[in-house]
Asks: 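Here it is: the structure, laid out below.
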Amino acid sequence: MTRALIVIDVQNDFCPGGALAVPGGDDIVAGINALMADYDAVVLTQDWHPTGHSSFASSHNGKAPYEMIDMPYGPQVLWPDHCVQGTEGAAFHADLNTNRADMIVRKGYRPAIDSYSAFFENDHETPTGLEGYLRTRGITDLTMAGLATDFCVNFSAVDAAKLGFNVTVQTDLCRAIDLDGSLVAAQSGMTGAGVTLA
Ligand code: VGL
Ligand code: ZN
């Protein structure tokens, strides 16, 4: 068994003071750093949007953050502008041990499509390339931690389980946005997909 730690979107905009702050988002950084030594590989993901990205409410006339919109690939939550490429908000939290990362996967860089999952964009078919990276390294088991539990961690964990990886989400090292029951829905979705919630 070869194990990877997948650290999802521990970026300034998802931490207190950021554009899409997740409550307690920075509380998990020290624990994630401490976990890194236990794994054969460490992968970081980075939400990485161009200005004017289609997931931003500001890109749609009359729409406010957290409203829903129908995109060609399905329903999409509209967000405040966040994680714009090259900005301080898109940078990793300053305390995250990025030196230990073997691989950094950026996602959400196509203007017309969002990408919550580390494996597939929100059309559930455009790959990020992470599956190939993990398989060619012989990795079978994944532990996930990071932000946000109910969006990017959830989508990443469910996709990884569908792809056949053994997936554990380290819930004490995740924090949620929790829009309209999205955390409870994510927990049952992950469990139903065969993800272990630790
Ligand atoms: C995320 C909303 C928009 C996340 C990213 O990392 O969970 N959520 N972009
Ligand atoms: Zn985003």
Side-chain angles (χ1 to χ4, degrees), residues 5-29 32 43-60 63-69 71 73-93 96 98 101 104-124 126 128 130 144-160 167 169-171 173-187 189-190 195 197:
L5 178 64
I6 314 288
V7 180
I8 306 288
D9 298 1
V10 180
Q11 294 167 258
N12 291 325
D13 270 343
F14 298 123
C15 291
L20 178 37
V22 181
D26 53 349
D27 294 346
I28 63 177
V29 178
I32 288 172
V43 175
L44 309 180
T45 71
Q46 193 170 25
D47 210 41
W48 194 251
H49 299 306
T51 51
H53 190 254
S54 57
S55 74
F56 298 168
S58 64
S59 303
H60 303 269
K63 292 286 179 188
Y66 310 108
E67 286 183 32
M68 300 289 299
I69 194 171
M71 299 286 254
Y73 53 82
Q76 167 75 46
V77 182
L78 293 173
W79 302 106
D81 291 24
H82 66 279
C83 296
V84 173
Q85 297 171 0
T87 63
E88 195 49 33
F92 291 113
H93 187 286
L96 185 68
T98 58
I104 296 174
V105 179
R106 287 175 169 167
K107 60 186 181 61
Y109 48 76
R110 289 190 173 85
I113 183 165
D114 206 2
S115 187
Y116 295 149
S117 166
F119 293 91
F120 296 99
E121 304 199 9
N122 285 9
D123 61 1
H124 301 289
T126 306
T128 63
L130 179 58
M144 296 191 183
L147 306 169
T149 320
D150 40 347
F151 288 91
C152 290
V153 175
N154 171 33
F155 278 62
S156 298
V158 168
D159 279 350
V167 186
V169 169
Q170 193 67 42
T171 54
L173 297 178
C174 297
R175 292 292 183 274
I177 297 174
D178 205 9
L179 286 180
D180 289 329
S182 58
L183 178 57
V184 167
Q187 287 163 338
M190 288 191 281
V195 173
L197 301 184

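Atoms considered below: every heavy atom in the structure, side chains included; atoms not considered: hydrogens, waters and symmetry mates. Read the numbers this way: they start at 1 and go in the same order the structure lists the ligands and their atoms. FYI, the numbering just counts along the sequence from 1.
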Asks: So, Asp47 and the Zn ion (ligand 2): N/O/S under 2.8 Å, yes or no?
Replies: yes
Asks: Find the distance between CG (Asp26) and CG (Leu96) and round it off to the nearest 0.5 Å.
Replies: 12.0 Å
Asks: Which one of Gln46, Lys107, His82 has a non-hydrogen atom at the shortest distance from atom 3 (C) of ligand 1?
Replies: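 Closest candidate by heavy-atom distance is His82.
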Asks: What distance do Asn122 atom CG and Lys107 atom NZ have between them, rounded to the nearest 0.5 Å?
Replies: 8.5 Å
Asks: Looking only at heavy atoms, is any part of Leu147 under 4.0 Å from ligand 1, and if so is it the side chain, the backbone, or both, or is it neither?
Replies: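 Backbone only.
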Asks: With no hydrogens and no angle check, do the side chains of Gln76 and Tyr116 hold a donor and an acceptor under 3.5 Å apart?
Replies: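 Gln76 vs Tyr116: donor-acceptor pair found between side chains.
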Asks: Would one find an N or O of Ala148, backbone or side chain, under 3.5 Å from an N or O of ligand 1?
Replies: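 Checking ligand 1 against Ala148, an N or O pair does fall under 3.5 Å apart.
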Asks: Drop me the distance from Tyr109's OH to Asp47's CG, to the nearest 0.5 angstrom.
Replies: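 With rounding to 0.5 Å, OH (Tyr109) is 12.0 Å from CG (Asp47).
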Asks: May I ask you to check whether His49 brings an N, O or S atom to under 2.8 Å from the Zn ion (ligand 2)?
Replies: yes
Asks: Using side-chain heavy atoms (C-beta onward) and a distance below 4.5 Å, is His82 in contact with Phe14?
Replies: yes
Asks: Could you find the nearest protein heavy atom to atom 1 (C) of ligand 1 and give me its residue, atom name and distance?
Replies: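 Looking at atom 1 (C) of ligand 1, the protein heavy atom closest to it is Cys152 SG, 3.2 Å.
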Asks: Given side chains that start at C-beta, do those of Arg110 and Thr126 come closer than 4.5 Å, heavy atoms only?
Replies: yes
Asks: Looking at the Zn ion (ligand 2), is one of the N, O or S atoms of His82 less than 2.8 Å from it?
Replies: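 It does; at least one qualifying atom falls short of 2.8 Å.
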Asks: Spell out, as yes or no, whether a donor-acceptor pair under 3.5 Å connects the side chain of Thr128 to the backbone of Phe120.
Replies: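 Flag not set: sc Thr128 to bb Phe120 has no pair under 3.5 Å.
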Asks: With a cut-off of 4.0 Å, which atoms of ligand 1 are near a heavy atom of Phe14?
Replies: 1 (C), 4 (C), 5 (C), 6 (O), 9 (N)
Asks: With atoms numbered from 1 as shown, which atoms in ligand 1 lie under 4.0 angstrom from a non-hydrogen atom of Asp9?
Replies: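 Here the atoms of ligand 1 in question are 4 (C), 6 (O).
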Asks: Answer yes or no: does an N/O atom from Asp47 fall short of 3.5 Å to an N/O atom of ligand 1?
Replies: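 So ligand 1 has an N or O lying under 3.5 Å from an N or O of Asp47.
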